[in-house]
2 protein chains.
Amino acid sequence: MARTTSSAATRDRILVATTELFRRQGYSATSLSQIVEASSATTGSIYHFFPGGKDELTAEVLRVSGAGYGDLVESVVRSALDPAVGIGDAFAAAAALMQESDFIDPCPIGTIAREVASTNEPLRLVAAEVMNGWVRRLAAILTDANVSQGDAERLASLVVTTIEGGFVMARTLRDVAPFLTAGEVVQRLVADALGDS
Amino acid sequence: MARTTSSAATRDRILVATTELFRRQGYSATSLSQIVEASSATTGSIYHFFPGGKDELTAEVLRVSGAGYGDLVESVVRSALDPAVGIGDAFAAAAALMQESDFIDPCPIGTIAREVASTNEPLRLVAAEVMNGWVRRLAAILTDANVSQGDAERLASLVVTTIEGGFVMARTLRDVAPFLTAGEVVQRLVADALGDS
DNA sequence: GTTGCGCTAGAGTGATCGTTCTAGTCCTGG
DNA sequence: CCAGGACTAGAACGATCACTCTAGCGCAAC
């Protein structure tokens with residue numbers, strides 16, 4: 001293997017820059033020339049690492065940043081006293097992140113998913129796999145806390161739905177209040193489910 | 001005034017076609033040439049009715065379809081026995097609509113809002129006004145049912161957040177279950193608020 | 001019946017899109 | 001020390017982008 005170190009760094013710069021651009025302006029509005037500029041890479045490098053072009057790069061961005069955001073949420077939730085408090089913490093952390101970043105989208109999956117869901121089936125499937133992964137991981141945390149399988153799945157799905165809806169609202173209104181309100185409600189619902197067990 | 005009838009019809013065809021295209025593929029991926037073709041209009045007509053070009057047309061689409069979707073939801077909610085049931089009905093109706101349309105976005109505001117929120121302030125403001133309008137209308141229904149002003153605003157905001165998040169999930173997963181689950185939860189929360197009054 | 005205007009028609013503008021391609025450079029294994 | 005592959009560099013391609021512009025159509029007022 002030749003030059004693995006520097007090549008991996010370039011590939012990484014491309015992914016990071018693309019993720020950042022997607023968070024600000026989504027999939028269609030982001031051009032390869034912007035990615036080239038922001039990542040200090042070249043067109044050749046992009047097509048070397050992602051021979052499938054923009055779509056392959058986008059798929060990888062979805063997978064990597066989806067997993068990363070999942071890790072972040074899971075670690076916040078698991079480090080709390082119980083899952084209900086943890087999920088509340090996750091909402092609060094996301095809200096803080098949004099305000100600090102001047103309401104840049106904390107994660108690009110929802111935006112891109114809605115952009116491509118009806119026009120690009122391979123990318124839709126990647127986005128769906130990412131979201132299903134989030135639901136699965138959250139549901140596992142809840143079943144670990146003795147919530148029944150069915151309740152855990154429904155609650156986990158509700159959490160993801162609420163986070164995504166919260167991103168739309170907060171970003172559009174430039175206000176985290178709706179996001180925090182939704183987080184408090186979800187936290188209470190999870191607490192109720194824990195109490196029933 | 002000359003030819004008011006036919007001109008209004010053309011303007012309307014442009015708006016309808018653009019709304020439809022935005023629902024499927026969002027703002028950036030929709031080109032004026034697609035709009036020309038889908039509306040059987042010409043470039044000249046588009047710039048005659050919307051001198052500000054794509055952005056002015058987009059703003060009008062957001063306002064018109066936002067108001068239209070608001071009307072639809074309000075009429076469903078108001079025709080139910082009580083607001084809680086009505087909101088549940090609205091979720092069910094939206095879910096049915098989504099399945100019938102092969103998961104085309106029922107309304108383009110959320111997608112476009114997230115696309116442009118960080119890059120096009122005038123359009124972001126239009127989207128924000130539309131969403132605030134929805135919240136206000138829903139809150140008014142709840143205060144009419146003797147929910148306190150504060151609770152009504154918080155619940156209304158939660159309803160909009162949940163609907164938007166539900167659209168993201170349902171469209172991406174091609175499954176209305178998460179949307180319906182979220183709707184049931186929201187309906188129960190509203191019912192609780194009504195019971196407290 | 002002609003003037004005026006709302007509206008349509010669509011070719012043309014420069015810019016930029018995603019992608020391809022050829023020429024390199026640089027490191028590494030033998 | 002050289003052969004070869006990983007990687008970079010960026011010019012060039014046809015297509016398409018939002019938008020402009022000139023020409024002309026068709027109805028209404030007078």
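When reading the values below, keep in mind they use all heavy atoms of this one structure, side chains included, and skip hydrogens, waters and symmetry mates. Small disclaimer: the values here were computed from a predicted structure and weren't measured. Convention: sequence-line order gives letters A, B, ...; per-chain numbering from 1.
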Residue pairs passing the ring-ring contact (aromatic ring centres under 6.0 Å, His included) test with at least one member in residues 147-178 of chain A, sequence neighbours excluded, are A:F167-A:F179
For the pair made of [atom1] in [X] and [atom2] in [N], what is the distance, rounded to whole Å?
X	N	atom1	atom2	answer
A:R13	D:dT8	CZ	C1'	11 Å
A:L21	C:dC17	CG	P	12 Å
A:E37	C:dG18	CD	P	14 Å
B:H48	D:dT22	NE2	P	18 Å
B:I14	C:dC7	CD1	P	11 Å
B:R11	C:dC7	CZ	C1'	14 Å
A:Q25	C:dT16	CD	C1'	14 Å
A:I46	D:dA6	CD1	P	19 Å

Salt-bridge test for [X] and [Y]: reply yes if a basic N is under 4.0 Å from a carboxylate O, no otherwise.
X	Y	value
B:D144	B:R78	yes
A:E184	A:R188	no
A:D102	A:R171	no

For nucleotides 13-20 of chain D, 5' to 3', base contacts (B), sugar-phosphate-only contacts (S) and non-contacts (-) with protein non-hydrogen atoms under 4.0 Å give ----SSBB
| message | Can you see whether A:S118 engages B:R23 through a side-chain donor-acceptor pair at a distance of less than 3.5 angstrom? | response | no
Between B:R136 and the options B:E153, B:E129, B:E74, the salt bridge (charged side-chain N to carboxylate O under 4.0 Å, His left out) test singles out B:E129
